[in-house]
Amino acid sequence: MTALIKHQKQPCPTSCMSTCVAMVAGLPAGTVRRLMHDRYHKGLINLSDMLNELGIPYTSFDSAQDDNARLDMVGAYFCTMPSLNTDGGQHAVVIEVTATTWHVLDPNRGKLGRRRHYIKRGKRARKGVELGGYTVNAYVCYSWLRDRKHV
């Protein structure tokens, strides 16, 4: 089973969540950033609102109750973790789980001077840190990803 989500770079240093939503939705990152980024950063909307607004069905996780939800179903997981680039900040990534592996879709990948998260694959990624310490926020099932429109 191959990955269904196309990686995109975040358009600005603080648009990781908008870019993650764009990747899963199959929309350009710049489009989702224009539609939602300012409202998200002002606290007017959250990830749930963003997914609902775009008609993306999801399962939400409460890490206090769900014991940090295991990544054991094929599909896409919205995760947050400490930022590697902003002291004291948080960073969002999408982890796409296929039948055989995990794909970490970090919006910082490919951004000049930015560090990113990755899955260890035998050699160290340049300017990266092996994935760890994440919280699962939401899950989107494989069948929706398979049937959605792609970028």
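Just so you know, these numbers come straight off a predicted model, no measurement behind them.
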Undergrad: Under the criterion side chain to side chain contact (heavy atoms under 4.5 Å, CB included), I'd like the reasoning laid out for W144 against I56: C-alpha separation, chi angles, the key distance, then a yes or no.
TA: CA-CA 8 Å; W144 188 87; I56 300 172; 3.6 Å; yes
Undergrad: Would you please name every residue forming a side-chain contact (heavy atoms from CB on, under 4.5 Å) with D38, sequence neighbours left out?
TA: none
Undergrad: So, taking the atom named CZ in R33 and the one named CG in L27, what distance separates them when rounded to the nearest 0.5 Å?
TA: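 Nearest 0.5 Å value for the CZ-CG distance: 15.5 Å.
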Undergrad: Can you measure from CE (M17) to CZ (F78) and round to the nearest 0.5 angstrom?
TA: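 The CE atom of M17 sits 7.5 Å away from the CZ atom of F78.
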Undergrad: So which pairs with a foot in residues 11-37 pass ring pair (Phe, Tyr, Trp, His ring centres under 6.0 Å), sequence neighbours left out?
TA: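 Ring pair (Phe, Tyr, Trp, His ring centres under 6.0 Å) check on residues 11-37 returns H37-H41.
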Undergrad: Any donor-acceptor pair under 3.5 Å linking the side chain of Q8 with the backbone of A29?
TA: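 Yes: the side chain of Q8 pairs with the backbone of A29.
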Undergrad: Is there a side-chain contact between T80 and H91 (heavy atoms, below 4.5 Å)?
TA: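 No; the side chains remain at least 4.5 Å from each other.
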Undergrad: For a side chain to side chain contact (heavy atoms under 4.5 Å, CB included) check, start with the C-alpha distance between L54 and M36, then their side-chain angles and the critical distance, and finish with the verdict.
TA: CA-CA 10 Å; L54 292 173; M36 300 179 178; 3.5 Å; yes
Undergrad: Measure the CZ-CG distance between F61 and N137 for me, rounded to the nearest 0.5 Å.
TA: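 The CZ atom of F61 sits 9.5 Å away from the CG atom of N137.
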Undergrad: Just by distance, do the side chain of T19 and the backbone of S15 share a donor-acceptor pair under 3.5 Å?
TA: yes
Undergrad: Who pairs with Y58 by side-chain contact (heavy atoms from CB on, under 4.5 Å), at least two apart in sequence or on another chain?
TA: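 Once residues adjacent in sequence are excluded, the partners of Y58 under the side-chain contact (heavy atoms from CB on, under 4.5 Å) criterion are S48, L51, N52, S60, A138, V140.
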Undergrad: Quick one: ring-ring contact (aromatic ring centres under 6.0 Å, His included) partners of Y139, sequence neighbours excluded?
TA: Y77
Undergrad: Under the salt bridge (Lys or Arg N to Asp or Glu O under 4.0 Å) rule, what pairs show up with a residue in residues 11-21, not counting sequence neighbours?
TA: none
Undergrad: Side chain to side chain contact (heavy atoms under 4.5 Å, CB included), that's the test. Do H103 and I95 meet it? Break it down for me.
TA: CA-CA 6 Å; H103 302 272; I95 301 175; over 6 Å; no
Undergrad: Could you check whether any side-chain N or O of E96 sits under 3.5 Å from a backbone N or O of G75, counting only pairs where one atom can act as donor and the other as acceptor?
TA: no
Undergrad: Name all pairs fulfilling the salt bridge (Lys or Arg N to Asp or Glu O under 4.0 Å) condition that reach into residues 40-56, sequence neighbours left out, sorted by first residue then second.
TA: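 Salt bridge (Lys or Arg N to Asp or Glu O under 4.0 Å) check on residues 40-56 returns R39-E53.
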Undergrad: Of the options R34, M23, M50, which is the one that meets S18 in a side-chain contact (heavy atoms from CB on, under 4.5 Å)?
TA: M50
Undergrad: Please report the C-alpha distance between H7 and D106 in whole Å, then the side-chain angles of each, then the deciding distance to 0.1 Å, and finally whether the side chain to side chain donor-acceptor pair (under 3.5 Å) criterion is met.
TA: CA-CA 8 Å; H7 175 265; D106 187 331; over 6 Å; no
